[in-house]
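To start, the structure under review is shown below, and the notes come after it.
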Protein chains: 2
Amino acid sequence: MPKLDLFKFVPFRLNRLAAEVSLALSSEYQERYGLDIPEWRVLATIGFRNEPCSAQYISHCTRTHKSTISRAVTALMRRRLVERVENAHDRREFSLRLTRKGKALYEELIPRLLRKEKTIMAALSATEQRELARLLGKIEKNLDLVQTRQEADEKLGY
Amino acid sequence: MPKLDLFKFVPFRLNRLAAEVSLALSSEYQERYGLDIPEWRVLATIGFRNEPCSAQYISHCTRTHKSTISRAVTALMRRRLVERVENAHDRREFSLRLTRKGKALYEELIPRLLRKEKTIMAALSATEQRELARLLGKIEKNLDLVQTRQEADEKLGY
DNA sequence: TTAAGATAGTTGCAGATGCGACCATTTGGC
DNA sequence: GCCAAATGGTCGCATCTGCAACTATCTTAA
């Protein structure tokens, strides 16, 4: 009889690890700032770029369904963390950017998340961390996931 | 201004990778066999052990909420893939095991999933695969996740 | 023995999210 | 220029899943 030990099965381990890491991070963005994951992804994407971008761009970058991004953007606009302006060239789409308030939140949040990531990754040496990043990158490439900002921009014609 | 590039942020990468890998696998257990993830986790846990186990055990092993496991077990019993017997020592809990039909499905499904895992991991050499497993293990340990069947059994007093 | 607290499992409820339909607008072929 | 197809975004719907309350049973300690 063929057997499969869940604890050695990479897909299961990735799922469980991702869930656990998300949980660890959520204490930062959820409890403290009332953000959920899609909202955090929107902020992270807009905040990192210097130029405004569209909801579609965020959707593709983060591999999150456009309806989910749409709702996250609505919530963030309601809280005045994000604002949008009509695009002159294409009146279907909007350019999104952080408000002053949104920028302030972003600047407060980022160091906290980076610190949290650090404690999680502290189980690995610096070399091991680089190695993990490299291995994840190879699998991502195999699954045809966008790996860099440049790739994202190119794929979306920015 | 502090910056955080999502594409280099390990928690995001893990989330995205886990989602993508799950999607790749779901064509096997979802489309072909009509199983969702919790159901597959129940089958995998029961199928791997030779002795029957409780829903609680599955819940702890897979880090899945007991209500989710409960619903998955109900669905699997309705399909006659899993059966349960009252535990003589403790009438609150039930021992779960695969039916003949469930075992047949398990035996058909496992090789498919292992093949799928193989193609995903094919981006890495054998050495790299071992290295990835080792690194994931270290992070799991840091997050206090159960890593082996023995650990799971001990923690749950089996 | 009994009462309080713990534990196994179920279920109602609410929040989150993916799907698909939809509207408005733009693009491309003719 | 015009119509069909594609694209950006919104929204209703169904599903999934976690939480918390609940029942039933077991354990512990007085």
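Residue numbers begin at 1 in each chain, while the letters A, B, ... track the order of the sequences.
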Report yes if at least one side-chain N or O of [X] is closer than 4.0 Å to OP1 or OP2 of [N]; otherwise report no.
| X | N | result |
| --- | --- | --- |
| A/Gln56 | D/dT7 | no |
| B/Ser70 | C/dT10 | yes |
| B/Arg84 | C/dT10 | yes |

Can you tell me the distance, in whole Å, between the [atom1] atom of [X] and the [atom2] atom of [N]?
| X | N | atom1 | atom2 | answer |
| --- | --- | --- | --- | --- |
| B/Ile37 | D/dG18 | CD1 | C1' | 15 Å |
| B/Glu93 | D/dT25 | CD | P | 14 Å |
| A/Ile58 | D/dT7 | CD1 | C1' | 17 Å |
| A/His65 | C/dT17 | NE2 | P | 13 Å |
| B/Leu23 | D/dC16 | CG | C1' | 16 Å |
| B/Ile69 | C/dT11 | CD1 | P | 16 Å |
| B/Leu35 | D/dC16 | CG | P | 12 Å |
| B/Asp36 | D/dG18 | CG | P | 11 Å |

> Are B/Arg115 and B/Glu28 within salt-bridge range, i.e. N to O under 4.0 Å?
Replying inline: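 No.
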Check: [N] base within 3.5 Å donor-acceptor of [X] side chain:
| X | N | result |
| --- | --- | --- |
| A/Ser67 | C/dC19 | yes |
| A/Arg71 | C/dG15 | no |
| A/Arg92 | C/dT26 | no |

>> Count I, L, V, M, F, W, Y as connected when their side-chain heavy atoms are under 4.5 Å apart, and connections chain through other members. Are A/Ile69 and A/Tyr106 then in the same cluster?
In response: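 Yes, A/Ile69 connects to A/Tyr106 through the hydrophobic network.
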> How are the rings of A/Trp40 and A/Tyr29 set relative to one another: parallel (under 30°), tilted (30 to 60°) or perpendicular (over 60°)?
Replying inline: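 Geometry flag for A/Tyr29 against A/Trp40: parallel rings.
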>> Quick check on DNA chain C: between A/Lys66 and B/Leu96, whose nearest nucleotide comes earlier from the 5' end?
In response: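 It is B/Leu96, whose closest nucleotide lies nearer the 5' terminus.
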> Which residue lies toward the 5' end of DNA chain C, A/Arg63 or A/Asp90, if each is placed at its nearest nucleotide?
Replying inline: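 Nearer the 5' end of the strand: A/Arg63.
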> Do we see a donor-acceptor contact under 3.5 Å between the side chains of A/Asn15 and B/Ser22?
Replying inline: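 A pair is found: one side chain offers a donor N or O, the other an acceptor, under 3.5 Å apart.
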> Passes side-chain hydrogen bond (donor to acceptor under 3.5 Å, both in side chains), B/Tyr33 versus B/Glu39? Steps please.
Replying inline: CA-CA 11 Å; B/Tyr33 299 104; B/Glu39 285 162 19; over 6 Å; no
